[in-house]
Q: 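My structure is below; once you've seen it, I'll send some questions.
No experiment lies behind these values; they were computed from the predicted model shown. Here is how names work: the chains are called A, B, and so on, in the same order as the sequence lines, proteins then strands, and each is numbered from 1.
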Number of protein chains: 2
Amino acid sequence: MNNELEFPIQMLHSRKLKATPTRTKLLKEIHAYGSAMPYSLICRKFKNADRVTLYRTIEKLVEKGLIHRAFSNNKETYYALCNTKCTATTHYHNHIHFKCTQCKLVTCEHLNEEVEISLPDFVVDKISINVVGICKSCK
Amino acid sequence: MNNELEFPIQMLHSRKLKATPTRTKLLKEIHAYGSAMPYSLICRKFKNADRVTLYRTIEKLVEKGLIHRAFSNNKETYYALCNTKCTATTHYHNHIHFKCTQCKLVTCEHLNEEVEISLPDFVVDKISINVVGICKSCK
DNA sequence: AACTAAATGCAACGATGTTGCAATAAAAAA
DNA sequence: TTTTTTATTGCAACATCGTTGCATTTAGTT
Ligand SMILES: [Mn+2]
Ligand SMILES: [Mn+2]
Ligand SMILES: [Zn+2]
Ligand SMILES: [Zn+2]
């Protein structure tokens with residue numbers, strides 16, 4: 001495992017991004033949070049930083065495959081760390097996003113089997129699955 | 001089938017909603033559009049109406065099970081008519097939302113089989129599936 | 001035609017998205 | 001280490017959307 005203080009810097013450099021304070025802090029905060037982090041909470045953690053900088057930071061890290069939008073209703077967007085399979089050119093997510101109605105947490109849940117969507121005569125490029133229910137811990 | 005001019009009024013009355021011009025027009029426009037209608041296009045069709053009225057109209061029709069949010073990325077939300085199974089108390093959607101990268105249309109696609117999501121120890125209440133790809137017509 | 005409950009229009013505020021540009025800081029080169 | 005290069009930041013400014021309160025208007029009812 002990487003040193004707690006070093007891993008964000010390494011992640012950023014691996015995508016040819018400068019390891020600026022806002023970027024490293026964002027990666028650390030999401031990692032520390034444990035599940036997908038709601039945008040409003042991210043904002044609270046970055047009260048001091050400029051709103052535009054945060055906006056561009058998120059955009060850039062999504063673009064480079066370091067974080068992804070884990071869930072997005074009309075109220076709030078959640079962000080989670082990408083797995084190591086994601087690259088600067090392609091996100092690779094074969095997991096679903098689960099929102100628990102009890103603890104309100106959004107988590108990335110990896111399935112054992114691939115989900116099959118049979119849509120004859122359609123070309124399927126990306127599938128995104130959101131599930132709402134009660135999580136393992138809250139049940 | 002209902003008379004083209006009458007069906008929105010009947011739909012509204014069936015949910016104990018007043019058949020106001022904005023409401024009937026919204027239902028007609030979405031119906032005429034054929035696929036899920038992007039919010040920006042809805043706005044263009046309602047240039048004259050007040051923004052707040054449109055907001056409350058959409059909210060109310062969603063709440064009463066006459067329309068539903070068919071797709072929602074961070075850029076745009078799409079609205080589609082509900083099927084007849086939806087009631088004033090519960091939406092019942094066992095279909096997926098397909099966004100075509102060619103024609104950009106968002107459609108509600110009904111599947112033959114139910115989609116199975118195996119999440120041991122989780123309670124699954126709602127499943128929402130969004131697929132991006134190329135639609136039947138564009139292929 | 002009159003009544004009543006509901007819907008609308010307007011004002012107003014907050015959150016978020018988005019761009020341009022000058023100042024600044026990180027990484028690379030010397 | 002110092003300099004240079006290039007990417008990032010902060011700020012201003014504008015747009016869109018969500019949301020509420022309240023007075024006015026209107027749809028459906030009597
Ligand atoms: Mn995820
Ligand atoms: Mn639909
Ligand atoms: Zn939970
Ligand atoms: Zn198409």
Side-chain angles (χ1 to χ4, degrees), chain A residues 5-29 36-79 88, chain B residues 5-29 36-79 88:
Chain A
L5 290 165
E6 286 301 322
F7 90 93
I9 298 176
Q10 293 177 3
M11 286 174 70
L12 290 164
H13 284 175
S14 75
R15 303 301 156 91
K16 307 237 192 293
L17 293 174
K18 289 184 181 177
T20 63
T22 309
R23 289 175 178 168
T24 53
K25 181 176 180 190
L26 182 59
L27 291 173
K28 280 182 204 170
E29 292 287 358
M37 202 167 173
Y39 178 71
S40 62
L41 179 56
I42 293 176
C43 282
R44 256 173 284 147
K45 297 282 185 182
F46 285 85
K47 280 199 199 77
N48 41 335
D50 189 87
R51 201 171 62 82
V52 178
T53 300
L54 188 53
Y55 164 72
R56 286 195 270 231
T57 298
I58 291 174
E59 271 212 323
K60 186 62 83 178
L61 298 198
V62 168
E63 176 196 327
K64 294 296 184 178
L66 291 179
I67 66 177
H68 64 281
R69 293 192 173 81
F71 195 89
S72 182
N73 54 28
N74 49 330
K75 305 286 178 188
E76 185 123 58
T77 303
Y78 294 74
Y79 294 91
Chain B
L5 291 165
E6 287 301 323
F7 91 92
I9 297 176
Q10 293 176 3
M11 286 173 70
L12 290 164
H13 285 174
S14 76
R15 305 300 158 92
K16 307 236 192 295
L17 292 174
K18 289 186 180 176
T20 64
T22 309
R23 288 176 179 169
T24 53
K25 182 176 181 191
L26 182 58
L27 291 173
K28 281 184 203 168
E29 292 287 358
M37 201 166 174
Y39 178 71
S40 61
L41 178 56
I42 294 176
C43 282
R44 258 173 280 147
K45 299 281 185 182
F46 285 85
K47 280 199 198 77
N48 41 337
D50 188 86
R51 199 171 65 83
V52 177
T53 301
L54 189 53
Y55 163 71
R56 285 196 269 229
T57 298
I58 291 174
E59 270 212 325
K60 187 61 82 176
L61 298 197
V62 168
E63 175 195 328
K64 295 296 184 178
L66 292 178
I67 65 177
H68 65 280
R69 294 191 173 81
F71 196 89
S72 181
N73 53 29
N74 48 328
K75 304 286 179 188
E76 185 124 57
T77 302
Y78 293 75
Y79 294 92

Q: My understanding is that only residues two or more places apart in sequence, or in another chain, count here; which of them pass side chain to side chain contact (heavy atoms under 4.5 Å, CB included) with Ala19(B)?
A: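 Counting only residues at least two positions away or on another chain, Ala19(B) forms a side chain to side chain contact (heavy atoms under 4.5 Å, CB included) with Ile9(B), Leu12(B), His13(B), Thr24(B).
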Q: Quick one: pull up NZ in Lys28(B) and CG in Leu26(B) and give me the separation to the nearest 0.5 Å.
A: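 Atom-to-atom, Lys28(B):NZ and Leu26(B):CG are 11.5 Å apart.
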Q: Could you give the CZ-to-C1' distance, from Arg51(B) to dG18(D), as a whole number of Å?
A: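 One finds 7 Å between C1' of dG18(D) and CZ of Arg51(B), rounded.
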Q: Nearest whole Å is fine: how far is dC11(D) C1' from Tyr55(A) OH?
A: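 Value for this atom pair: 16 Å.
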Q: Kindly write out the residues that satisfy side chain to side chain donor-acceptor pair (under 3.5 Å) with Thr22(B), not counting sequence neighbours, or none if the list is empty.
A: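 Applying side chain to side chain donor-acceptor pair (under 3.5 Å) to Thr22(B) gives none.
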Q: Can you sort out which residues in residues 61-69 of chain B have a heavy atom within less than 4.0 Å of DNA chain D? Ascending by number, please.
A: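 Hits under 4.0 Å, by residue number: none.
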Q: Which nucleotides of nucleotides 21-30 of chain D have their base under 4.0 Å from a protein heavy atom (B), which only their sugar-phosphate (S), and which neither (-), written as one string 5' to 3'?
A: B----BBS--
Q: Quick one: Asp50(A) CG to dT8(D) C1', roughly how many Å, whole number?
A: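 Nearest whole value for this atom pair: 12 Å.
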Q: Kindly compute the distance separating CG (Leu61(A)) from CD (Glu63(A)), expressed to the nearest 0.5 Å.
A: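 It is 9.5 Å, given to the nearest 0.5 Å.
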Q: If you compare all heavy atoms of Lys18(B) against all heavy atoms of Arg23(B), which two are closest, and at what distance to 0.1 Å?
A: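 Scanning both residues completely, I find the closest heavy atoms to be O-NH1, 3.0 Å.
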Q: Atom CD of Glu59(A) to atom P of dT8(D): distance rounded to whole Å?
A: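 Nearest whole value for this atom pair: 12 Å.
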Q: Nearest 0.5 angstrom please: Arg56(B) CZ to Leu54(B) CG, how far?
A: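 So the gap between those two atoms works out to 11.5 Å.
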Q: For residues 41-49 of chain B, tabulate all N or O donor-acceptor pairs below 3.5 Å that involve a side-chain atom, not counting sequence neighbours.
A:
none

Q: Restricting to side chain to side chain contact (heavy atoms under 4.5 Å, CB included), what partner residues turn up for Val62(A), sequence neighbours left out?
A: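 Val62(A): side chain to side chain contact (heavy atoms under 4.5 Å, CB included) contacts with Ile58(A), Ile67(A), Arg69(A), Tyr79(A), His91(A).
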Q: Got a sec, which residues hit side chain to side chain contact (heavy atoms under 4.5 Å, CB included) with Asn73(B), two or more places apart in sequence or on another chain?
A: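 With neighbours one apart ignored, the set is Phe71(B), Lys75(B), Glu76(B), Lys99(B).
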Q: Mind checking side chain to side chain donor-acceptor pair (under 3.5 Å) for Thr77(B) and listing every partner two or more places apart, or none if nothing turns up?
A: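 With neighbours one apart ignored, the set is Ser72(B).
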Q: Tyr78(A) and Ala36(A): which non-hydrogen atoms are nearest, and at how many Å?
A: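 Taking every non-hydrogen atom into account, CD2-O, 3.5 Å.
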Q: Just jot down the side chain to side chain contact (heavy atoms under 4.5 Å, CB included) partners of Arg15(A), sequence neighbours excluded, or say none.
A: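 Leu17(A), Lys64(A), Leu66(A), Ala88(A).
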Q: Which residues, if any, of residues 39-46 of chain B bring a heavy atom under 4.0 Å of DNA chain D?
A: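 The answer is Tyr39(B).
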Q: Going 5' to 3' along DNA chain C, which nucleotides are the first and last within contact of chain A (any atom under 4.0 Å from a heavy atom)?
A: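 Boundary nucleotides touching chain A, in 5' to 3' order, are dT16(C) to dA27(C).
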Q: Work out how much the helix from dA1(C)-dT30(D) to dA30(C)-dT1(D) bends between its end axes, five pairs an end, to the nearest 10 degrees.
A: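 The angle separating the two end axes equals 30°.
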Q: Starting from C1' on dT19(D), measure out to CD1 on Ile58(B) and report it in whole angstrom.
A: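 The answer, rounded to whole Å, is 14 Å.
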